[in-house]
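Structure first, commentary second.
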Amino acid sequence: MATEVLMSKMEKGFDSDKPMFPISVIADLLQVHQRTLRIYNEEKILVPERSPKNRRLYSFNDIEKGKFIQYMSRELGINIIGIKIIFELLKQQKVKAEDQKAFIDEIAKNINITHEMQQQNKEKLSRRGRKPATVA
DNA sequence: TTTCTAACA
DNA sequence: TGTTAGAA
């Protein structure tokens with residue numbers, strides 16, 4: 001459903017920064033509750049534009065950032081405060097958006113966060129009623 | 001109908 | 001984090 005909406009937008013050609021997707025599409029795509037996205041908004045981790053009617057409008061870049069957040073949260077087990085700190089660090093280090101996942105992965109590797117440990121994190125989180133990670 | 005905020009479970 | 005009430 002959300003994917004079809006995305007594809008139709010992509011076919012036309014688009015600005016990756018252009019706000020165009022409502023919260024329902026992003027929630028569907030990332031498999032998170034809308035509440036979670038609103039929390040990300042409140043915590044300033046993922047802040048979308050707003051429509052004239054105050055509706056949140058996410059850009060393609062926001063979606064990519066959302067995927068990264070889900071990766072850190074679900075795969076690495078980092079909480080929102082940790083993610084805030086990481087984003088601030090990435091900003092201070094001027095790490096480009098395309099390099100951020102590799103940057104974090106390298107650190108995870110250095111402190112021995114193995115795939116087994118990531119799997120354990122996923123299991124822990126899913127046992128707490130959270131949906132298993134789908135985002136790569 | 002969908003999304004908003006805010007509060008409760 | 002998930003769910004819901006009431007407003008827009």
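Hydrogens, waters and symmetry mates are skipped; everything else that's a heavy atom, side chains included, is used. Chain letters run A, B, ... following the sequence lines, proteins first and then strands; every chain starts at 1.
One distance of note links CZ of Arg74(A) with CD of Gln31(A); it measures 7.5 Å at 0.5 Å rounding. One finds the OG1 atom of Thr36(A) at 13.5 Å from the CD1 atom of Ile26(A) (value rounded to the nearest 0.5 Å). Distance CG/Leu89(A) to CD1/Ile85(A): 9.5 Å, rounded to 0.5 Å.
Remark: of the listed residues Leu29(A), Asp28(A), Ile63(A), Ile63(A) is the sole one forming a side-chain contact (heavy atoms from CB on, under 4.5 Å) with Phe21(A).
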- request: Any chance you could lay out the side-chain contact (heavy atoms from CB on, under 4.5 Å) test for Leu30(A) and Tyr58(A), step after step, and finish with the verdict?
  value: CA-CA 12 Å; Leu30(A) 299 181; Tyr58(A) 295 83; over 6 Å; no
Legend entry - Audit row: Asn41(A), Leu37(A), side-chain contact (heavy atoms from CB on, under 4.5 Å) steps and yes/no: CA-CA 6 Å; Asn41(A) 191 165; Leu37(A) 293 174; over 6 Å; no
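Between the side chains of Tyr71(A) and Asp105(A), at least one donor N or O lies within less than 3.5 Å of an accepting N or O.
For Phe21(A) and dT3(B), the CZ to P distance is 14 Å, given to the nearest whole Å. In this structure, CE of Met20(A) is placed 17 Å from P of dT3(B), rounded to the nearest angstrom. If you take CZ of Arg74(A) and P of dT1(C), they are 9 Å apart, rounded to a whole angstrom. Regarding Gln31(A), its CD atom lies at a distance of 15 Å from the C1' atom of dT1(C), rounded to whole Å. Remark: P of dC4(B) and CD1 of Ile26(A) are 11 Å apart, rounded to the nearest angstrom. Counting to the nearest Å, the P atom of dG2(C) and the NE2 atom of His33(A) are 7 Å from each other. Taking atom CG of residue Asn54(A) and atom P of nucleotide dT2(B), one finds them 19 Å apart after rounding to whole Å.
Counting only heavy atoms from C-beta outward, the side chains of Arg50(A) and Arg55(A) never approach each other to under 4.5 Å. At a threshold of 4.5 Å between non-hydrogen side-chain atoms, the residues His33(A) and Ile39(A) do not count as touching.
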What pairs of nitrogen or oxygen atoms, one from the protein and one from nucleotides 6-8 of chain C, lie under 3.5 Å apart?
none

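The minimum heavy-atom distance between Gln34(A) and Ser24(A), with the atom names listed, is NE2-CA, 3.7 Å.
In terms of modelled atom types and a separation under 3.5 Å, the side chain of Lys65(A) and the main chain of Ile45(A) share a donor-acceptor contact.
Near DNA chain B, meaning a heavy atom under 4.0 Å from it, residues 34-46 of chain A has Gln34(A), Arg35(A), Arg38(A) in order of number. If you check residues 79-88 of chain A against DNA chain B, you find no residue with a heavy atom closer than 4.0 Å.
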